[in-house]
*Asks:* 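Quick one: structure below, then a few questions.
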Amino acid sequence: MEADAVVIGAGPNGLVAANLLADRGWRVLVLEAQPEPGGAVRSAELTHPGFVHDVFSAFYPLGMASPVMTALDLPTHGLRWRRSPLVLAHPTADGRCVVLSTAVGETAQSLEEFAPGDGDAWRDSYASFERIADPLMQAITTPMVPVRGATRLALALGPRGLLEFARMAVQSVRRLADEQFRGEGGALLFAGNALHSDVDPSAPPSGYLGWYLTCLGQQHGFPVPEGGAGQLTAALVRRLVARGGEIRCSSPVTRVIVSGRRAVAVQLADGDTIDASRAVLADVTAPALYRQLVGEEHLPPSFVRALDRFQWDHGTFKIDWALSGPIPWRAEPATRAGTVHVSDSMGRVSAYVADLARGQIPAHPFVLMGQMNKADPTRSPPGTETVWGYTHVPHAPVGDAQGELTGKWTDHDSEVFADRMEAVIEEQAPGFRSLITARHLLSPPGLEARNANLVGGAIGGGTMALSQQLVFRPVPGLGRANTPVRGLFLASASAHPGGGVHGACGANAARAALAADRTRRAVSRAR
Ligand SMILES: Cc1cc2nc3c(=O)[nH]c(=O)nc-3n(C[C@H](O)[C@H](O)[C@H](O)COP(=O)(O)OP(=O)(O)OC[C@H]3O[C@@H](n4cnc5c(N)ncnc54)[C@H](O)[C@@H]3O)c2cc1C
């Protein structure tokens, strides 16, 4: 069997790459290890029949803003975006609640309640984002060095603005929030959003990450696909199949076959070999691609040494709940929000990240929650709710801050830790637990079993820390999809610009494959 391009892995990046190659007339075959496509973008009835849960990711502001995804025009392939009345709420111990709304006045008003003047501070901060939103997104979603995007960004900012922006990009949430706001509301908004990644709010670039996601939420909301995350995947698959692409599930790739320093084929677990006449694109993590599929013998020794320093992001522990009714939050805005950040103060956030930094399973987890029915009532029968939530845990735990867990994620560990997460929510919503009719737990090993890219529960394809960003991703010197093996391209979140459902890693890999193919053909014509 032969294809022009073989794509290993049907996550969003793999599917985006496959779509872009199929658009150019390539015969594309996507090989997926799991029984269904989607990677970390899937939904399933995890609890009761009729309760649709997002098994991994749930909110897609990046998908909505990314030029890569918008160019695919997925709504014409059946995708319908839905938004909650309020984007995000973060209730605090003293009964206040900072909110993010697509109405800038509502966000500003909530910040104003934390300190006079903070509302206007947010309006200014968001206005600075609006001036650069498009060129910034373009710069992020194109390969390093993003010449066109960076030029547009520099023109939009001007010399002074560029310097200010560069300074902000290397600040922590703590410092940035101190400079922009007087009350705790702004710090909570930025810190909670930075914690969607693995970057500590007291370290750079958490300030930039928190600010950027807050601004995206202000601009687009945190949209969800009607019917579940799997509908985003279904639209990508429909588009690909309509262009002649093929997807084969339950087909784990065990080897990339390299001949004459070029990737020429892949081998499947059942021993089958599939030739790839033009390119192999890998939507798998960088360590898995280079160490397991390619083999160190095909890589320069300096590259292998750089790979030794590859750093994973935190592990993740996830719960999906089926509830008999809406969560009785003490803070009213949380009853309208699609996303709720649960950690009652910046003090608690700091203690949580300190536990993570010490390799301890946190005593008081920061819970990132999704009240999915707020945006999409189709997720469960009328009157009931599906709720999604996760927290970070150490990638390799050395202990438990409460001294209860082994850190091996036994069934006992999982049940006790899930109770701990629920206790944090119960503080803000007394009566929450009494509404639970079923819960489904995914510990780090459980996540990895359902998607080999989620190594130890790492959801970002490697840390988003500055040391592994931009030209340092996944190893210093790359920042692009090209690999040391000709005809082989890294298409997963391990490549720049990293985790999130924006499709840029896949698009960069597809463009690199097309460019390399053009060069190869030109050279062979010239001979
Ligand atoms: C719990 C959780 C919550 C998240 N929340 C959000 C969110 O709300 N919003 C957001 O934007 N992002 C979120 N993310 C991150 C986002 O889902 C990922 O960054 C994104 O899915 C990465 O896409 P990918 O295509 O690179 O990899 P993946 O989506 O991980 O897909 C990789 C695919 O490759 C397959 N594969 C791996 N190895 C092989 C092999 N050898 N052979 C064949 N197939 C193979 C896997 O089975 C998988 O299907 C979340 C992730 C998780 C896990």
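In this text, all values refer to a predicted model and were calculated from it rather than measured experimentally.
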*Asks:* What distance separates L368 CG from H341 NE2, expressed to the nearest 0.5 Å?
*Replies:* 5.0 Å
*Asks:* With the side chain counted from C-beta on, respond yes when M464 and D313 share a heavy-atom pair under 4.5 Å apart, and no when they do not.
*Replies:* no
*Asks:* Can the positive tip of R96 be found less than 6.0 Å from the middle of the six-membered ring of F114, inside 45° of the ring normal?
*Replies:* yes
*Asks:* Name the residue from F59, W321, F51, F222 that meets the ring-ring contact (aromatic ring centres under 6.0 Å, His included) definition with W388.
*Replies:* F59
*Asks:* Would you call E385 and K374 a salt bridge, taking side-chain N to carboxylate O under 4.0 Å as the test?
*Replies:* yes
*Asks:* Sequence neighbours excluded, which residues qualify as side chain to side chain donor-acceptor pair (under 3.5 Å) partners of R160?
*Replies:* E164
*Asks:* What residues, two or more places apart in sequence or in another chain, satisfy salt bridge (Lys or Arg N to Asp or Glu O under 4.0 Å) together with E113?
*Replies:* none
*Asks:* Who pairs with D517 by salt bridge (Lys or Arg N to Asp or Glu O under 4.0 Å), at least two apart in sequence or on another chain?
*Replies:* R278, R521
*Asks:* Can you name the ring-ring contact (aromatic ring centres under 6.0 Å, His included) partners of F317, sequence neighbours left out?
*Replies:* W409, F417
*Asks:* Within the distance-only criterion (no hydrogens, no angle test), does the side chain of D54 pair as donor or acceptor with the backbone N or O of A229 below 3.5 angstrom?
*Replies:* yes
*Asks:* Can I get a per-line list of side-chain donor-acceptor pairs under 3.5 Å for residues 129-138, giving both atom names and the distance, sequence neighbours left out?
*Replies:*
from : atom 1 : to   : atom 2 : distance (Å)
Q138 : OE1    : R152 : NH1    : 2.7

*Asks:* Quick one: which of L100, V99, D118, D120 gives a side chain to side chain contact (heavy atoms under 4.5 Å, CB included) with L111?
*Replies:* D118
*Asks:* Evaluate the side chain to side chain donor-acceptor pair (under 3.5 Å) criterion for residues S125 and W211: first the C-alpha distance (whole Å), next the side-chain angles of each, then the deciding distance (0.1 Å), finally the verdict.
*Replies:* CA-CA 9 Å; S125 190; W211 172 82; 3.0 Å; yes
*Asks:* State which residues pass salt bridge (Lys or Arg N to Asp or Glu O under 4.0 Å) with R336; sequence neighbours excluded, sorted by chain then number.
*Replies:* E106, E332
*Asks:* For the pair H90 and F366, name the ring-plane relationship: parallel under 30°, tilted 30 to 60°, perpendicular over 60°.
*Replies:* tilted
*Asks:* With sequence neighbours excluded, tell me which residues meet side chain to side chain contact (heavy atoms under 4.5 Å, CB included) with A18.
*Replies:* V7, V28, V30, L240
*Asks:* Any chance you could measure N453, atom CG, to L289, atom CG, to the nearest 0.5 Å?
*Replies:* 10.5 Å
*Asks:* Say you draw a straight line from CG of L454 to CH2 of W312; how long is it, rounded to the nearest 0.5 Å?
*Replies:* 9.0 Å
*Asks:* With sequence neighbours excluded, tell me which residues meet side chain to side chain donor-acceptor pair (under 3.5 Å) with N19.
*Replies:* R239
*Asks:* Which residues pass the salt bridge (Lys or Arg N to Asp or Glu O under 4.0 Å) test with D198, not counting sequence neighbours?
*Replies:* none
*Asks:* Do side-chain atoms of E32 reach the backbone of I247 as a donor and acceptor pair under 3.5 angstrom?
*Replies:* no
*Asks:* Determine whether P497 and N508 make a side-chain contact, defined as any pair of heavy atoms from C-beta on separated by less than 4.5 Å.
*Replies:* yes
*Asks:* Within a radius of less than 6.0 Å around CZ of R330, do more than 12 heavy atoms belonging to other residues, nucleotides or ligands occur?
*Replies:* yes
*Asks:* Determine whether R450 and L442 make a side-chain contact, defined as any pair of heavy atoms from C-beta on separated by less than 4.5 Å.
*Replies:* yes
*Asks:* Mind checking what makes ring-ring contact (aromatic ring centres under 6.0 Å, His included) contact with H53, not counting sequence neighbours?
*Replies:* none
*Asks:* How would you list, by chain and number, every residue that makes a ring-ring contact (aromatic ring centres under 6.0 Å, His included) with H496, sequence neighbours excluded?
*Replies:* none
*Asks:* Check whether any side-chain heavy atom of L72 lies under 4.5 Å from a side-chain heavy atom of L20, and answer yes or no.
*Replies:* yes
*Asks:* Please identify each residue that fulfils ring-ring contact (aromatic ring centres under 6.0 Å, His included) with W329, with sequence neighbours left out.
*Replies:* none
